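As structure tokens, the structure follows; a few thoughts come after it.
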Amino acid sequence: MTQQFTRDELVARLVRAGELEVSGEDLDEAPTYFDTEKFRFHGPDGFESDFAGLNDYFASVREAFDDRSIRRGIVVAEGDHLACQTWIEGTFAREFTQSPVGPLPPNGKRVVFDLINIFRFDDRGRLIEEWVRVDNRGVLRQLDAEASY
């Protein structure tokens, strides 16, 4: 269990980490919210990654989407785990190289990634593991990639 941080402090750290990854506002601060060596990402359809892969993914989101935002919904805390709803939005303005089906051309539409996340923190309040579930079919429909699935 994470002893040094309250639930509210962990939620604040989670919110800030997401804001930094989506906005790209401070690429030096973002890694301070993660155990960059041990972090593991478990995504849809068996996708697995480390911190570098997560950073690469968000770099592709920042490159492809304008006017990005991230919101967190209901948060449930149990020990060193937080689960929450997450919405990441942006206008699809340039090629998205890391869509579930590979690179896709922009369509100019507003896209909403509607996610369910579970996060695990270490005893220093750093993110060490993340599980994500998303409706890839819905995302692909918004990206105009319906023929790809």
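The figures that follow rest on heavy atoms only: side chains count, while hydrogens, waters and symmetry mates do not. In what follows, residues are counted from 1 in the order of the sequence shown. Because the structure is predicted, anything quoted here is derived from the model rather than measured.
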Task: Candidate list Val134, Asn117, Leu14, test side chain to side chain contact (heavy atoms under 4.5 Å, CB included), partner Thr86, passing option - done: Asn117
Task: Nearest-0.5 Å distance, CG of residue Asp80 to CG of residue Asp122 - done: 9.0 Å
TODO: Of all the heavy-atom pairs spanning Ala17 and Leu127, show the shortest one and how long it is.
DONE: CB-CD1, 4.0 Å
Open item on the list: Is there a path of hydrophobic side-chain contacts, each under 4.5 Å between heavy atoms, that joins Val15 and Val76?
Closed with: no
Open item on the list: Quick check for you: to the nearest 0.5 Å, what is the distance between Thr32 atom OG1 and Leu20 atom CG?
Closed with: 7.5 Å
Open item on the list: Clusters formed by hydrophobic residues whose side-chain heavy atoms approach within less than 4.5 Å: which one holds Ile116, and what are its other members?
Closed with: none
Open item on the list: My understanding is that a hydrophobic cluster links ILVMFWY residues whose side chain heavy atoms are under 4.5 Å apart, including indirect links. Using that, what else belongs to the cluster containing Ile118?
Closed with: Trp131
Open item on the list: Using side-chain heavy atoms (C-beta onward) and a distance below 4.5 Å, is Asp135 in contact with Asp114?
Closed with: no
Open item on the list: Among residues at least two apart in sequence or on other chains, which ones pass salt bridge (Lys or Arg N to Asp or Glu O under 4.0 Å) with Glu63?
Closed with: Arg94
TODO: Could you tell me if the ring centre of Phe113 sits under 6.0 Å from that of Phe65?
DONE: yes
TODO: Please report the C-alpha distance between Leu115 and Ile88 in whole Å, then the side-chain angles of each, then the deciding distance to 0.1 Å, and finally whether the side chain to side chain contact (heavy atoms under 4.5 Å, CB included) criterion is met.
DONE: CA-CA 8 Å; Leu115 314 167; Ile88 299 173; 4.0 Å; yes
- [ ] Locate the shortest heavy-atom distance separating Ser60 from Gln98; write the atom from each residue and the value.
- [x] OG-CB, 3.5 Å
Task: Heavy-atom closest pair, residues Ala93 and Asp66 - done: CB-OD2, 3.3 Å
TODO: Quick one: list whatever passes salt bridge (Lys or Arg N to Asp or Glu O under 4.0 Å) with Glu19, sequence neighbours left out.
DONE: Arg16
Open item on the list: How long is the straight-line distance from NZ of Lys109 back to CG of Asp144, given to the nearest 0.5 Å?
Closed with: 3.5 Å
TODO: List, by chain and number, the other hydrophobic cluster members for Leu27, where Ile, Leu, Val, Met, Phe, Trp and Tyr join if side-chain heavy atoms come within less than 4.5 Å, directly or indirectly.
DONE: none
Open item on the list: Could you check whether any side-chain N or O of Gln4 sits under 3.5 Å from a backbone N or O of Arg124, counting only pairs where one atom can act as donor and the other as acceptor?
Closed with: no
Task: Tyr33 OH to Phe51 CZ distance, which is reported to the nearest 0.5 Å - done: 12.0 Å
- [ ] Give the C-alpha distance, both sets of side-chain angles, the deciding distance and a yes or no for side chain to side chain contact (heavy atoms under 4.5 Å, CB included) between Val75 and Arg7.
- [x] CA-CA 10 Å; Val75 177; Arg7 175 200 181 278; 3.7 Å; yes
TODO: Report the C-alpha separation of Gln142 and Arg110 in whole Å, then their side-chain angles, then the decisive distance to 0.1 Å, and conclude whether the side chain to side chain contact (heavy atoms under 4.5 Å, CB included) test is met.
DONE: CA-CA 8 Å; Gln142 293 178 77; Arg110 191 80 179 156; over 6 Å; no
Which atom pairs, one a donor and one an acceptor, fall under 3.5 Å between side chains of residues 36-45 and the rest of the protein, sequence neighbours left out?
{"from": "His42", "atom 1": "ND1", "to": "Glu48", "atom 2": "OE1", "distance (Å)": "2.5"}
{"from": "His42", "atom 1": "ND1", "to": "Glu48", "atom 2": "OE2", "distance (Å)": "3.2"}
{"from": "His42", "atom 1": "NE2", "to": "Glu129", "atom 2": "OE2", "distance (Å)": "2.7"}

Open item on the list: Between Val22 and Val112, is there shared hydrophobic-cluster membership here, with clusters defined by ILVMFWY side-chain heavy atoms closer than 4.5 Å?
Closed with: no
TODO: Output the distance between atom OG (Ser99) and atom CG (Leu104), rounded to the nearest 0.5 Å.
DONE: 3.5 Å
Task: Arg13 charged N/C atom sitting above Phe121 aromatic ring, 6.0 Å / 45° - done: no
Open item on the list: With clusters defined by side-chain heavy atoms of hydrophobic residues (ILVMFWY) lying less than 4.5 Å apart, directly or transitively, does Phe34 cluster with Phe47?
Closed with: yes
TODO: Taking all heavy atoms of Thr91 and all of Gly108, pick out the closest pair and write down the distance.
DONE: CG2-O, 3.5 Å
Task: Connected via hydrophobic side-chain network under 4.5 Å: Phe5 and Ile128 - done: no
- [ ] Determine, stepwise, if the pair Val111 / Phe96 fulfils side chain to side chain contact (heavy atoms under 4.5 Å, CB included).
- [x] CA-CA 12 Å; Val111 174; Phe96 184 30; over 6 Å; no
Open item on the list: Please determine whether residues Trp87 and Phe92 belong to a single hydrophobic cluster, defined as Ile, Leu, Val, Met, Phe, Trp and Tyr linked transitively by side-chain heavy-atom distances below 4.5 Å.
Closed with: no
Open item on the list: For Arg72 versus Gly18, what's the shortest heavy-atom pair and its separation?
Closed with: NH2-CA, 3.7 Å
- [ ] Nearest 0.5 Å please: distance from the CZ atom of Phe58 over to the CD1 atom of Ile70.
- [x] 6.0 Å
